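For reference, the structure is listed below as structure tokens.
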Amino acid sequence: MARYNFKENEQKWQAAWEDQGCFQVDETADRPKYYVLEMFPYPSGRIHMGHVRNYTLGDVVARYKKARGFNVLHPMGWDAFGLPAENAAMENKVPPADWTRENIATMRKQLKTMGLSYDWSRELATCEPGYYRHEQKIFLDFLKHGLVYQKESWVNWDPVENTVLANEQVIDGRGWRSGELVEKRQLSQWFLKITDYAEELLDGIETLERWPDRVRLMQENWIGRSEGAHVHFALEGRDDRLEIYTTRPDTLFGASFCAVAANHPLAQELSRTNPDLAEFIAECNRMGTSEAAIETAEKLGFDTGVKARHPFVDGKALPVYVANFVLMDYGSGAIFGCPAHDQRDLDFANKYGLDVVPVVAPKGADAAGFTITDEAYLEDGLHINSDFLDGLNVADAKSTVIDRLEAMEIGTRAVNYRLRDWGVSRQRYWGCPIPIIHCGDCGIVPVPEQDLPVELPVDIDITGAGNPLAAHPTWKHVDCPTCGKPAQRETDTFDTFFESSWYFARFCAPHADAPLDRAAVDHWLPVDQYIGGIEHAVLHLLYSRFFTRALKKCGYLSVEEPFAGLLTQGMVCHQTFKDADGKWLLPTQVVFDGGSAAHADTGRPVTAGRSEKMSKSKKNVVDPEAIIEAYGADTARLFMLSDSPPDRDLEWTDAGVDGAWRYLNRLWRLVTENPAPRAAPGAGKPDSIDGAAEDVLKAIHKTIDGVSGDLEKFHFNKAVARIRELTNAVEGLKDDVAGADWVRRLGLETLTLLIAPMTPHLAEALWHELGRGNELVADTAWPEADPAYLVDDLMTVAVQVNGKLKGTIELPKDCAQDIAEDAALALDKVQSVLGGNPPRKVIVVPNRIVNVVA
RNA sequence: GCGGGCGUGGCGGAAUUGGUAGACGCGCUGGAUUCAAAAUCCAGUUCUGGUGACAGAGUGGGAGUUCGAUUCUCCCCGCCCGCACCA
């Protein structure tokens with residue numbers, strides 16, 4: 001029995017695709033466009049199973065759409081700036097550029113063994129000046145259009161990476177890469193005005209119908225829109241006013257204090273003459289922002305002695321505290337506290353002995369007797385103790401009080417967002433230099449466009465201490481482009497999410513002189529289908545949506561949403577093992593003897609842990625290269641698609657891989673060991689076809705129909721199941737029935753075409769075996785289902801008595817209800833249950849079911 | 001705390017708008033082939049009882065709507081994910 005030779009075939013057909021330029025695209029094709037994109041990888045060194053899954057999913061979509069007649073753009077590139085290159089430089093004394101380029105070469109080679117249908121002529125790497133010079137131009141355009149500003153601000157400082165992090169990069173108070181607790185520091189930073197687009201980004205979510213609800217919701221929460229009011233409190237003995245933000249202006253009559261953040265200008269000012277306050281503020285800044293820190297931290301306040309005048313109650317003055325739970329970067333960094341209707345305010349009031357005045361009482365409650373002790377009342381109700389608001393419900397009171405505040409010119413209706421502007425400055429070497437020059441006389445001077453790119457210096461010493469660009473002896477020293485006097489370059493580089501925020505647009509014309517080629521982006525964008533991990537739900541995917549709008553403002557493109565469809569794939573998981581000492585073990589270090597596992601070398605017992613995401617630290621990784629070497633790319637691809645829906649986690653199992661491998665060989669044998677199908681193609685349908693062959697013929701067309709639908713909806717696992725079912729049917733077809741050869745051949749051709757997007761090399765080999773000469777499946781159209789074969793003349797109808805299945809009957813399609821009823825009642829089992837009595841009722845659902853109610 | 005999702009055989013997972021639960025695969029059992037093994041092929045495989053035909057139960061648990069519920073409603077349990085001192 002000849003096994004399928006995957007090594008020979010995979011090389012052969014990859015070469016054939018490349019020689020014929022199968023996957024190179026152009027804009028002139030007279031076919032509808034389809035842009036499918038997978039999130040490009042960071043070139044960390046080698047591809048991992050997550051890549052294999054991601055790129056297999058994308059490749060199936062790309063090949064399927066191509067077969068369906070679309071002009072498919074399917075590019076690949078490298079998200080090549082980032083910290084690991086600098087770490088490698090420190091450890092191995094290799095320049096980051098060399099390290100990155102070597103990794104790219106390795107990973108490109110690995111990806112090519114997977115047989116992915118990329119247009120490699122469009123490959124790009126973000127660390128090359130040919131890419132980032134355009135990024136610098138875009139930044140300067142953003143600057144011109146008022147989308148960029150610099151400001152001194154409190155930032156998240158990662159003490160391990162020695163750099164600033166964006167809010168989106170702080171997970172649970174820790175750096176998203178380092179895992180270290182983030183500190184607050186004040187630095188001068190460049191910001192992109194993503195908040196200008198908060199409303200648009202929020203509204204745009206509605207239009208993203210082909211995005212997972214989960215991601216849409218996460219972005220919605222991240223943007224965090226709330227409606228309320230800004231209110232200005234006059235301060236006793238001072239000229240300035242305190243501006244607070246509240247979503248409950250209706251509770252103003254219950255106010256008993258005001259509080260400002262530790263970093264609030266008022267707190268800062270007062271601390272200069274008050275050492276105790278200065279110490280309190282310093283303590284606040286030291287406090288972590290992690291979950292644990294927040295949970296355990298006491299709500300602390302420091303009474304500044306300043307009093308705020310109540311806007312409506314003459315003579316009522318509220319103490320102004322500095323409080324550790326008030327955030328400077330939300331609202332205006334100041335609040336008023338209404339203890340009766342906010343739990344945290346209540347806790348604070350109880351701690352510091354402040355008044356608790358209820359101003360909303362449940363409908364029908366005795367207003368005079370309604371008191372609050374240790375649980376705040378948050379529900380709707382009617383206002384009490386509130387002068388002109390008394391008797392109103394919460395919504396009406398809000399509206400009324402804001403009208404009054406506006407009339408008095410001490411407050412305004414306001415919408416507030418949780419979203420912050422995107423700080424893009426990073427104190428790193430391996431990133432895109434920010435094209436700005438700081439001049440003592442002229443201030444901030446953009447690098448003139450003709451001087452772009454500002455290239456990274458190659459002779460760099462990376463020590464890990466501080467910013468290497470700032471430490472370079474000459475790089476930062478330039479003459480001011482405006483006045484010619486000595487000046488200094490900006491030594492910060494961009495956050496690496498900057499590069500990935502527009503690469504999908506660059507792929508449309510990756511060799512253009514301008515950042516984007518208007519005709520090309522107008523043709524290709526938006527990306528029709530984007531595929532990648534859920535971990536970018538609020539980072540990359542939100543930044544890209546913002547960038548697209550910003551690029552539109554600068555006249556680069558016309559779309560607002562970059563990704564029309566989004567598929568978020570699950571993780572690739574694998575069993576974990578620990579030895580007796582609790583140390584993680586590689587799967588290869590474990591041997592199974594009966595039901596128990598033992599260490600391969602020592603024989604000591606091993607505990608099998610739960611399946612978790614493949615990671616080096618847990619030692620449960622499987623190297624794709626080894627799998628492709630042992631089984632071939634098609635086996636790996638098929639396995640990735642077979643077992644789990646793409647958005648769910650996938651459990652890697654050796655048995656599953658074996659199963660995929662066995663199926664490939666089964667199909668191979670079915671084609672190569674059966675002489676009849678190898679006859680020349682194109683023979684007409686024979687006059688006589690036996691019923692058994694006719695059934696297979698119907699199965700063929702139903703499978704085409706079903707698989708097409710599954711692939712449209714990305715139900716790859718169901719498509720594989722259907723293909724295997726058809727394989728069983730074709731294999732089971734007896735030789736001696738009329739028309740068997742012809743039907744079998746059609747079945748094998750169909751199977752070949754249907755499986756081609758998933759196992760493209762095998763499909764080419766089968767196509768060749770089927771006598772197709774030099775025709776490539778990659779250039780062959782998707783099969784069409786003949787509607788005539790999709791319907792059956794006879795339907796199998798289930799018969800139930802009182803909802804319990806008693807048997808099935810064969811009925812002509814769409815037959816009369818009384819015929820169905822009679823046939824069902826004629827069943828012995830139905831009769832025995834009825835016991836001679838007439839049925840109380842019979843429900844007939846045509847072509848599906850007859851339910852007899854006894 | 002807020003928001004969202006999920007729960008189906010030994011396992012991964014299928015089941016149109018409510019209409020034959022367990023497709024397809026993995027694993028397992030028995031058999032064929034083989035000197036033997038691998039590979040391959042055939043048969044079986046939700047659970048319980050029964051040699052068997054068959055009977056009963058069954059989609060996390062409990063109630064409800066319905067002729068009929070994995071699917072819809074309510075309550076509870078368990079697991080997972082996101083956000084989190086957001087005023």
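The model shown is predicted, which means the values in this text are computed figures rather than measured ones.
Nucleotides B:rC83 and B:rG12 are separated by 31 Å at their C1' atoms, to the nearest Å. As rounded to the nearest Å, B:rG61 and B:rG10 have P atoms that lie 13 Å from one another. When the C1' atom is used for both B:rC26 and B:rC35, the distance is 31 Å, rounded to whole Å. For the P atoms, the distance from B:rG64 to B:rC54 is 33 Å, rounded to whole Å. Separation of the C1' atoms belonging to B:rG58 and B:rG9 is 10 Å when rounded to the nearest angstrom. For the C1' atom pair drawn from B:rG60 and B:rG7, the interatomic distance equals 6 Å after rounding to whole Å. Atom C1' of B:rC85 sits at a distance of 34 Å from the matching atom of B:rC74, rounded to the whole Å. Between B:rU73 and B:rG4, the two P atoms lie 14 Å apart (nearest whole Å).
Of all nucleotides present, none satisfies the Watson-Crick or G-U wobble test against B:rC85 with each distance under 3.5 Å. With both pairing distances under 3.5 Å, B:rC24 is matched to B:rG12 as a Watson-Crick or G-U wobble pair. Base pairing annotation: B:rA57 forms a Watson-Crick or G-U wobble pair with B:rU46, both donor-acceptor distances under 3.5 Å. The nucleotide B:rA36 finds no pairing partner, because no Watson-Crick or G-U wobble arrangement with both distances shorter than 3.5 Å includes it. Under the Watson-Crick or G-U wobble criterion, with both distances below 3.5 Å, B:rC79 is paired with B:rG5. For B:rA63, the paired base is B:rU73 (Watson-Crick or G-U wobble, both distances below 3.5 Å).
Along RNA chain B, the nucleotide closest to A:G803 and the one closest to A:K806 are compared, and the more 5′ of them pairs with A:K806. Heavy-atom nearest nucleotides on RNA chain B were determined for A:V850 and for A:R248, and the one closer to the 5' end corresponds to A:V850.
The nearest whole Å value for the distance from the CZ atom in A:R848 to the C1' atom in B:rU17 is 9 Å. The distance between atom CG of A:L754 and atom C1' of B:rC24, rounded to the nearest whole Å, is 15 Å. Regarding A:K713, its NZ atom lies at a distance of 13 Å from the P atom of B:rA14, rounded to whole Å. If you measure from atom CE of A:M758 to atom C1' of B:rC24, you get 13 Å, rounded to the nearest angstrom. Rounded to whole Å, the distance from CZ on A:R418 to C1' on B:rG3 is 12 Å. Taking atom CG on A:L827 and atom P on B:rC54, their separation rounds to 13 Å, with Å as the unit. Rounded to whole Å, atom P of B:rG25 lies 11 Å from atom CG of A:D643. The interatomic distance linking A:D828 (CG) with B:rC54 (P) rounds to 12 Å, in whole Å.
For A:S644, taking side-chain heavy atoms from C-beta onward, the closest of the listed nucleotides B:rG3, B:rG12, B:rC85 is B:rG12. Counting only heavy atoms from C-beta on, A:V326 has its side chain closest to B:rA87 among B:rG3, B:rA87, B:rG27. When the nucleotides B:rC86, B:rG3, B:rA21 are ranked by their closest atom to the side chain of A:Q800, B:rA21 comes out on top. Of the candidate nucleotides B:rC86, B:rU20, B:rC67, B:rU20 has the atom nearest to the side chain of A:I849. Looking at the side chain of A:I843, the nearest of the listed nucleotides B:rG19, B:rC85, B:rG3 is B:rG19. In this structure, the nucleotide among B:rA21, B:rG12, B:rC86 sitting nearest to the side chain of A:L805 is B:rA21.
Here the shortest heavy-atom pairing between A:P757 and A:R637 reads O-NH2, 3.0 Å. Scanning both residues, A:Y245 and A:G228, for their nearest heavy atoms gives OH-N, 3.4 Å.
For B:rC83, neither phosphate oxygen OP1 nor OP2 lies less than 4.0 angstrom from any side-chain nitrogen or oxygen of A:R214. The phosphate of B:rA39 (OP1 or OP2) has no side-chain N or O of A:R669 nearer than 4.0 angstrom. For the pair A:K804 and B:rA57, the criterion of a side-chain N or O lying under 4.0 Å from OP1 or OP2 is met. Side-chain nitrogen and oxygen atoms of A:R225 include none within less than 4.0 Å of the OP1 or OP2 phosphate oxygen of B:rC86. At least one side-chain nitrogen or oxygen of A:R648 sits closer than 4.0 Å to the OP1 or OP2 atom of B:rA14. When the side-chain nitrogen and oxygen atoms of A:Y245 are compared with OP1 and OP2 of B:rA87, none of them lie within a distance under 4.0 Å.
Nucleic acid contact for A:T796: base, since at least one base atom lies under 4.0 Å from a heavy atom of the residue. Across all strands, A:T246 comes closer than 4.0 Å only to sugar-phosphate atoms, never to a base (heavy-atom distances). At the heavy-atom level, A:V853 lies under 4.0 Å from the strands shown only through sugar-phosphate atoms. Residue contacts for A:L217: at a heavy-atom cut-off of 4.0 Å it reaches the sugar-phosphate backbone alone, with no base atom in range. Residue-level contact check: A:R666 touches the backbone only, with heavy atoms under 4.0 Å from sugar-phosphate atoms and none from bases.
With hydrogens and angles ignored, a donor-acceptor pair under 3.5 angstrom links the side chain of A:N851 to the base of B:rC67. Taking only distance into account, the side chain of A:K299 meets the base of B:rC85 through a donor-acceptor pair shorter than 3.5 Å. Donor-acceptor pairing under 3.5 Å, judged by distance alone, is absent between the side chain of A:R3 and the base of B:rA39.
Side-chain contact annotation: A:E810 with A:T796, donor-acceptor N/O pair under 3.5 Å present. Counting only N and O atoms by type, the side chains of A:D814 and A:N847 include a donor and acceptor under 3.5 Å apart. A:N416 and A:S226 form no side-chain donor-acceptor contact under 3.5 Å, judged by distance and modelled atom types alone. With 3.5 Å as the limit, one finds no donor-acceptor pair spanning the side chains of A:R840 and A:N802.
The environment of NZ in A:K351 is crowded: more than 12 heavy-atom neighbours from other residues, nucleotides or ligands sit within 6.0 Å. Around atom CG of A:N837, more than 12 heavy atoms belonging to other residues, nucleotides or ligands sit under 6.0 Å away. Counting heavy atoms of neighbouring residues, nucleotides and ligands inside a 6.0 Å radius, atom CG of A:D355 does not exceed 12 of them.
With its glycosidic angle within 90° of 0, B:rG9 is assigned syn.
Side-chain rings of A:F257 and A:Y352 stay apart, their centers remaining 6.0 Å or farther from each other. For A:W652 and A:F639, the ring centers are positioned less than 6.0 Å apart.
Looking at A:E243 and A:R241, no side-chain N of the basic residue comes within less than 4.0 Å of a carboxylate O on the acidic one, giving no salt bridge.
Within residues 717-734 of chain A, the residues approaching RNA chain B are A:N717, A:K718, A:A721, A:R724, A:E725, A:N728, by heavy-atom distance under 4.0 Å.
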